[in-house]
Amino acid sequence: MLDILRDKKVIFFDVGYTLDMPASGDWMFTNKFLELAGEKLKQKTETEIQQARDAGLRFLVQDHLIKTVEAEIRNFFDYYSIVSDRLDLCLSADERNQIARDRACNMKNYIPYPGIKEVLSTLSKTHKLGIISDTWPSIEPQLEYIGVSQYLSFCTFSCFVGVFKPDKRIYSDALDKCGVPAEETVFIDDAVRNLDGAAASGITSILIAANPESDVETNYLKIHDIRELIR
């Protein structure tokens with residue numbers, strides 16, 4: 001076990017690029033989206049695609065208090081409508097609904113990283129484990145699908161708080177749920193700005209760079225594989 005964990009009581013994990021990764025290589029441009037829009041998408045420039053993504057994201061973040069999977073699907077439907085309109089993909093209402101429902105309900109969109117069940121099972125014997133994730137209500141079946149739900153004692157999901165990391169309210173919610181002082185907790189995430197938010201709340205932070213894009217210079221302890229936590 002890493003020395004940094006030995007005097008802690010609670011370990012919080014992010015999910016995306018910490019416990020799992022997207023099967024298509026992209027969280028929003030899923031395999032179903034690429035199946036139905038891929039040919040027209042190939043005709044667009046990276047700038048056009050990024051502008052469409054940004055417009056869709058602005059919609060998603062404007063009201064993030066989402067309590068049910070059906071509400072999540074409706075939000076994704078609107079997201080894919082914005083992307084389709086911006087890129088002139090001509091996706092029909094039925095196709096947008098298929099993509100949105102697949103995004104929320106098809107757990108094959110997620111690939112668990114090797115060793116996550118072994119790591120969480122091992123750490124759960126010595127620590128309480130939790131989640132702090134920017135996500136939607138479908139995260140609950142997602143955690144079951146990747147096989148880690150049984151090791152978790154508490155979860156903070158942005159969609160139930162109504163704000164994203166690194167908003168202080170996310171970390172306050174997590175600390176309230178675990179009932180342990182911040183200095184006795186650790187948070188593992190793939191984004192430095194999210195770790196900065198945790199550190200500002202007194203939580204010890206660890207960067208995980210399983211995703212190569214997360215492998216940046218940092219003052220935080222950095223690991224590249226979640227299995228390093230128990231080696």
Side-chain angles (χ1 to χ4, degrees), residues 14-18 20-67 69-106 109-111 132-139 142 156-171 189-198 207-216 218:
D14 179 35
V15 179
Y17 290 130
T18 299
D20 66 11
M21 59 185 173
S24 68
D26 191 290
W27 296 111
M28 297 305 292
F29 285 14
T30 60
N31 286 325
K32 176 59 73 173
F33 174 82
L34 296 175
E35 173 192 333
L36 296 176
E39 289 306 312
K40 289 187 176 180
L41 193 66
K42 292 175 184 177
Q43 301 169 20
K44 307 303 175 181
T45 67
E46 287 300 318
T47 298
E48 290 171 328
I49 293 171
Q50 190 58 54
Q51 289 174 344
R53 285 179 180 274
D54 291 345
L57 182 60
R58 285 194 295 273
F59 165 77
L60 287 179
V61 302
Q62 68 185 5
D63 182 7
H64 187 52
L65 195 62
I66 308 295
K67 297 297 185 70
V69 173
E70 284 303 315
E72 173 184 349
I73 292 168
R74 291 194 294 271
N75 265 31
F76 285 156
F77 178 91
D78 290 340
Y79 169 87
Y80 290 114
S81 295
I82 291 168
V83 171
S84 178
D85 290 346
R86 290 278 181 143
L87 293 175
D88 195 26
L89 299 178
C90 302
L91 292 169
S92 68
D94 179 65
E95 288 173 325
R96 282 174 277 149
N97 184 62
Q98 286 183 54
I99 296 166
R101 192 164 292 277
D102 176 86
R103 172 63 178 77
C105 302
N106 180 7
N109 285 318
Y110 308 104
I111 298 175
I132 304 175
S133 179
D134 288 342
T135 191
W136 285 265
S138 60
I139 185 65
Q142 180 183 338
T156 290
F157 301 139
S158 61
C159 58
F160 297 152
V161 182
V163 295
F164 293 93
K165 294 175 290 188
D167 191 294
K168 184 177 181 179
R169 288 169 285 182
I170 288 279
Y171 309 104
D189 194 289
D190 64 299
V192 169
R193 69 187 188 94
N194 295 337
L195 299 177
D196 289 342
L207 177 68
I208 184 166
N211 174 20
E213 292 185 8
S214 299
D215 196 358
V216 298
T218 178

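The first residue of the sequence shown is numbered 1, and numbering continues consecutively from there.
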[X] to [Y] - nearest heavy-atom pair and separation:
X      : Y      : result
Asp190 : Ser214 : O-OG, 3.0 Å
Gly197 : Pro166 : CA-CB, 3.9 Å
Ile170 : Val163 : CD1-O, 3.2 Å
Ile82  : Gly56  : CG2-N, 3.8 Å
Ser84  : Leu91  : OG-N, 3.1 Å
Ala104 : Glu72  : CB-OE2, 3.6 Å

Is there a donor-acceptor pair under 3.5 Å between the side chain of [X] and the backbone N or O of [Y]?
X      : Y      : value
Lys165 : Ala191 : no
Asn109 : Asp102 : yes
Ser24  : Phe29  : yes
Lys44  : Leu87  : yes
Tyr80  : Met28  : yes

Starting at [atom1] of [X], measure out to [atom2] of [Y] and round the result to the nearest 0.5 Å.
X      : Y      : atom1 : atom2 : value
Phe164 : Thr135 : CZ    : OG1   : 9.5 Å
Asp134 : Phe157 : CG    : CZ    : 11.5 Å
Met21  : Ile111 : CE    : CD1   : 4.5 Å
Gln50  : Thr45  : CD    : OG1   : 10.5 Å
Lys40  : Gln43  : NZ    : CD    : 8.0 Å
Ser138 : Arg101 : OG    : CZ    : 12.0 Å

Practice task
List the steps, then state whether side-chain contact (heavy atoms from CB on, under 4.5 Å) holds for Asp14 with Asn194.
Solution key: CA-CA 10 Å; Asp14 179 35; Asn194 295 337; 5.6 Å; no
Handout entry: Val216 vs Leu207 side-chain heavy atoms within contact, under 4.5 Å
Key = yes
Practice task
Check whether any side-chain heavy atom of Leu89 lies under 4.5 Å from a side-chain heavy atom of Glu95, and answer yes or no.
Solution key: no
Practice task
Sorted by first residue and then second, give each side chain to side chain donor-acceptor pair (under 3.5 Å) pair with at least one member in residues 56-66; sequence neighbours left out.
Solution key: His64-Ser158
Practice task
Take Asn106 and Lys32, measure what side-chain contact (heavy atoms from CB on, under 4.5 Å) needs, and give me the verdict at the end.
Solution key: CA-CA 10 Å; Asn106 180 7; Lys32 176 59 73 173; over 6 Å; no
Handout entry: Check: Ser81/Arg96 side-chain N/O donor and acceptor closer than 3.5 Å
Key = yes
Problem - Side-chain H-bond candidate by donor/acceptor type, Gln98 with Asp94, under 3.5 Å - result: yes
Practice task
Verify the neighbour count for atom CZ of Arg86: are there more than 12 heavy atoms of other residues, nucleotides or ligands below 6.0 Å?
Solution key: no
Exercise for the section: For Ser92 and Leu36, run side-chain contact (heavy atoms from CB on, under 4.5 Å): C-alpha distance rounded to whole Å, both residues' side-chain angles, the deciding distance at 0.1 Å, then the answer. Expected result: CA-CA 10 Å; Ser92 68; Leu36 296 176; over 6 Å; no
Practice task
Go through the structure and list residues passing ring pair (Phe, Tyr, Trp, His ring centres under 6.0 Å) with Tyr17, not counting sequence neighbours.
Solution key: Trp27
